[in-house]
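What follows is one structure encoded as structure tokens, with my remarks underneath.
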Amino acid sequence: MAIPTFLVTGGAGFIGSNFILLARQNAWAKIINLDKLTYAGNLQNLTSLATDPDYIFVQGDIGDRPLLDQILQKYQPDYIINFAAESHVDRSILTPEIFIQTNVLGTFHLLEASLNYWQNLDPAKQKTFKFLHISTDEVYGSLAPTEPPFTETNLYKPNSPYAASKASSDHFVRAYFATYGLPTLCTNCSNNYGAYQFPEKLIPLMILNAVEQQPLPIYGDGQNIRDWLYVADHCEAIYRVLTDGRIGETYNIGGLNELTNLAVVEKICVLLNELRPCKNFDYGSLITFVRDRAGHDRRYAIDCTKITQELGWQPKENFGSGMVKTVHWYLDNSLWLARVRSGDYKIWLQQNYGDR
Ligand code: NAD
Ligand code: TYD
């Protein structure tokens with residue numbers, strides 16, 4: 001039986017590449033991966049697919065309308081999954097404009113091209129086409145300690161330029177469903193962790209710093225809370241929403257692991273003390289408190305009752321099991337890390353932490 005074709009945008013990034021690897025492993029679909037290859041895009045993540053005839057990479061921008069039209073005509077995808085984004089809150093504080101370019105305008109151009117493509121499909125294919133937009137829990141803002149976790153009906157209250165740009169893109173996705181009938185779906189997930197995450201985000205940054213016995217910089221008092229979702233669980237959830245989700249709906253995806261940042265970093269230190277012991281040295285001694293992030297959201301938490309009840313999905317990993325896999329992966333992939341930590345990466349560390 002023929003398998004469908006997915007156009008995946010941002011597939012050279014952290015979550016996108018995990019999704020593509022899983023999709024090819026399970027023969028869910030043929031994959032066309034459109035990625036601009038910003039600092040966060042890394043084709044090394046996908047080298048295992050180098051000889052796979054059902055995987056095609058195209059370098060390009062989701063804001064490039066002629067390129068989008070060409071790709072859609074040539075490959076005739078059944079589904080489009082939009083992972084492409086600028087994704088780091090700290091970068092959005094320093095350079096917000098690129099977040100508007102890619103996350104808002106890029107998504108708008110992708111929606112326009114998708115709408116035009118969908119409207120001209122033959123009726124059978126038009127009926128089954130879907131556009132899935134990957135978003136974040138950060139659009140809902142910050143929770144007080146006793147507030148219930150975010151549901152899909154929470155108001156949007158973004159606090160960072162990143163969250164505002166993602167909120168805007170979510171609204172455009174919704175509007176293209178309501179106004180033009182484009183068959184869209186949207187998922188809003190919590191903080192992902194696992195293999196292939198760029199080491200500017202909390203977990204890989206702390207693992208790498210610790211291994212090099214560099215300070216582990218925790219913002220503010222370390223009591224900010226995030227919910228942690230293992231990336232493979234997230235990818236399974238995306239596939240469930242894509243295949244069985246109700247068109248026009250939003251699904252929240254969470255890992256059911258609410259933890260303070262300090263607890264996350266302490267867990268990394270405990271694991272490293274076990275897996276990479278150094279004589280008379282405790283990795284926890286590297287923990288350092290630094291100036292807080294501007295507008296730092298205090299707490300995120302996800303209520304995933306909807307996806308569990310409607311689609312039967314729930315996370316398989318708890319934080320302990322997911323972290324063991326993650327720390328092992330970073331310890332075992334020193335070549336990947338050496339390549340990722342190029343000159344650009346060093347400049348970023350200097351810009352972000354230089355004066356803290
Ligand atoms: P990432 O930064 O690792 O990867 C983003 C990818 O998009 C990169 O490969 C980059 O080259 C590509 N890209 C950027 N601008 C582009 C453009 N204009 N055109 C084409 N490609 C472009 O991000 P990620 O962590 O994999 O996140 C994927 C999606 O999931 C994003 O939409 C993000 O907002 C969302 N999300 C991520 C998390 C998380 O914890 N990582 C949590 C919630 C939501
Ligand atoms: P991050 O991984 O940047 O994800 P997000 O901001 O999207 O949640 O940060 C996760 C949490 O860790 C967040 O509360 C900020 C905090 N943090 C630090 O304390 N130190 C760091 O060096 C980084 C990168 C993040």
Side-chain angles (χ1 to χ4, degrees), residues 8-19 33-43 45-46 58-64 67-68 81-93 98-99 101-103 105-107 109-110 133-139 142 159-160 162-163 165-166 169-170 187-194 196-206 209 215-229 231 234-235 238 253-255 259-262 264-265 287-293 295-300 302 348-349 352-353 356:
V8 171
T9 71
F14 165 47
I15 306 174
S17 59
N18 273 282
F19 180 81
N33 175 14
L34 169 66
D35 197 296
K36 187 177 172 181
L37 296 183
T38 67
Y39 77 94
N42 186 353
L43 290 180
N45 304 1
L46 298 158
V58 182
Q59 183 170 6
D61 193 317
I62 56 165
D64 182 344
L67 176 67
L68 291 174
I81 311 165
N82 183 30
F83 292 93
E86 288 293 333
S87 69
H88 192 201
V89 173
D90 289 327
R91 285 183 191 256
S92 83
I93 294 169
I98 184 67
F99 286 72
Q101 277 300 339
T102 286
N103 300 0
L105 282 171
T107 302
H109 287 298
L110 185 64
H133 179 64
I134 308 299
S135 192
T136 169
D137 58 1
E138 303 192 24
V139 298
S142 186
N159 291 319
S160 69
Y162 163 67
S165 68
K166 291 297 289 187
S169 65
D170 294 8
T187 55
N188 294 74
C189 68
S190 54
N191 286 56
N192 284 223
Y193 68 103
Y196 303 113
Q197 186 166 32
F198 191 79
E200 63 186 353
K201 304 276 169 72
L202 181 71
I203 288 179
L205 180 76
M206 296 296 157
N209 280 14
L216 307 180
I218 299 190
Y219 297 159
D221 62 3
Q223 294 307 306
N224 301 65
I225 292 173
R226 299 290 182 264
D227 169 60
W228 293 96
L229 171 64
V231 66
H234 183 203
C235 292
I238 290 170
I253 307 171
L259 289 163
T260 64
N261 293 336
L262 184 58
V264 169
V265 177
I287 290 175
T288 315
F289 292 91
V290 299
R291 195 177 71 221
D292 208 356
R293 171 187 278 172
H296 196 176
D297 284 338
R298 197 66 178 162
R299 172 175 168 241
Y300 305 139
I302 287 259
W348 159 251
L349 286 186
N352 195 45
Y353 292 112
R356 289 186 207 225

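Note that the structure is predicted; figures quoted are calculated from it, not measured. Just so you know, ligand 1 is whichever comes first in the structure, and atom 1 is the first atom listed for that ligand.
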Within ligand 1, which atoms have a heavy atom of [X] less than 4.0 Å away?
X: Gly60; value: 19 (N), 20 (C)
X: Cys189; value: 42 (C), 43 (C), 44 (C)
X: Asp61; value: 17 (C), 18 (N), 19 (N)
X: Ala84; value: 7 (O), 20 (C), 21 (N), 22 (C)
X: Asn191; value: 40 (O)
X: Ser87; value: 1 (P), 2 (O), 23 (O)
X: Thr38; value: 10 (C), 11 (O), 14 (C), 15 (N)
X: Leu37; value: 11 (O)

- Task: Kindly assign one of parallel, tilted or perpendicular to the pair Phe83 and Phe19, based on the angle between their ring planes and the thresholds 30° and 60°.
- Result: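 Tilted.
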Taking the side chain as every heavy atom from C-beta outward, state whether [X] and [Y] have any atom pair closer than 4.5 Å.
X: Arg298; Y: Ile225; result: no
X: Asp90; Y: Ile93; result: yes
X: Thr136; Y: Tyr300; result: no
X: Tyr39; Y: Glu200; result: yes

In the protein, which heavy atom is nearest to [atom], and how far is it?
atom: atom 37 (C) of ligand 1; answer: Ile15 CD1, 3.5 Å
atom: atom 34 (O) of ligand 1; answer: Tyr162 OH, 2.7 Å
atom: atom 5 (C) of ligand 1; answer: Ala85 O, 3.4 Å
atom: atom 30 (O) of ligand 1; answer: Ile134 CG2, 3.5 Å

Expected output: side-chain [X] to main-chain [Y] donor-acceptor under 3.5 Å:
X: Ser165; Y: Tyr162; value: yes
X: Asn33; Y: Gly11; value: yes
X: Asp61; Y: Gly106; value: no

Consider ligand 1: state whether an atom of it lies below 4.0 angstrom from any non-hydrogen atom of [X].
X: Phe83; answer: yes
X: Ser135; answer: yes
X: Ser17; answer: no
X: Gly106; answer: no

- Query: Going through the distances and angles, do Lys166 and Phe99 end up as a side-chain contact (heavy atoms from CB on, under 4.5 Å)?
  - Reply: CA-CA 9 Å; Lys166 291 297 289 187; Phe99 286 72; over 6 Å; no
- Task: Check the pair Tyr193 / Arg226 against side-chain hydrogen bond (donor to acceptor under 3.5 Å, both in side chains), numbers first and verdict last.
- Result: CA-CA 12 Å; Tyr193 68 103; Arg226 299 290 182 264; over 6 Å; no
- Of the backbone atoms (N, CA, C, O) and the side-chain heavy atoms from C-beta on, which set of Lys166 has a member under 4.0 Å from an atom of ligand 1: side chain, backbone, both, or neither? side chain
- Message: Looking only at distances, can you tell me whether any N or O atom of Lys36, backbone or side chain, sits closer than 3.5 Å to an N or O atom of ligand 1?
- Response: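 Yes: some nitrogen or oxygen of Lys36 is under 3.5 Å from one in ligand 1.
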Give a yes-or-no answer on whether the side chains of [X] and [Y] include a donor-acceptor pair shorter than 3.5 Å.
X: His133; Y: Thr107; value: no
X: Asn188; Y: Asp170; value: yes
X: Ser190; Y: Asp137; value: no

Inventory of protein N or O atoms under 3.5 Å from ligand 2 N or O:
{"residue": "ligand 2", "atom": "2 (O)", "partner": "Leu202", "partner atom": "N", "Å": "2.8"}
{"residue": "ligand 2", "atom": "3 (O)", "partner": "His88", "partner atom": "NE2", "Å": "3.4"}
{"residue": "ligand 2", "atom": "3 (O)", "partner": "Arg293", "partner atom": "NH2", "Å": "3.1"}
{"residue": "ligand 2", "atom": "4 (O)", "partner": "Asn191", "partner atom": "ND2", "Å": "3.3"}
{"residue": "ligand 2", "atom": "6 (O)", "partner": "Arg293", "partner atom": "NH1", "Å": "2.5"}
{"residue": "ligand 2", "atom": "6 (O)", "partner": "Arg293", "partner atom": "NH2", "Å": "3.2"}
{"residue": "ligand 2", "atom": "7 (O)", "partner": "Glu138", "partner atom": "OE2", "Å": "2.5"}
{"residue": "ligand 2", "atom": "8 (O)", "partner": "Asn191", "partner atom": "ND2", "Å": "2.9"}
{"residue": "ligand 2", "atom": "8 (O)", "partner": "Arg226", "partner atom": "NE", "Å": "2.9"}
{"residue": "ligand 2", "atom": "12 (O)", "partner": "Asn261", "partner atom": "ND2", "Å": "3.4"}
{"residue": "ligand 2", "atom": "14 (O)", "partner": "Arg226", "partner atom": "NH2", "Å": "3.2"}
{"residue": "ligand 2", "atom": "14 (O)", "partner": "Asn261", "partner atom": "ND2", "Å": "2.8"}
{"residue": "ligand 2", "atom": "14 (O)", "partner": "His296", "partner atom": "NE2", "Å": "2.7"}
{"residue": "ligand 2", "atom": "19 (O)", "partner": "Tyr219", "partner atom": "N", "Å": "2.8"}
{"residue": "ligand 2", "atom": "20 (N)", "partner": "Pro217", "partner atom": "O", "Å": "2.8"}
{"residue": "ligand 2", "atom": "22 (O)", "partner": "Pro217", "partner atom": "O", "Å": "3.4"}
{"residue": "ligand 2", "atom": "22 (O)", "partner": "Tyr353", "partner atom": "OH", "Å": "2.0"}

- Item | Ala163: side chain to side chain contact (heavy atoms under 4.5 Å, CB included) partners, not counting sequence neighbours |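 So Ala163 forms a side chain to side chain contact (heavy atoms under 4.5 Å, CB included) with Glu138, Pro158, Ser160.
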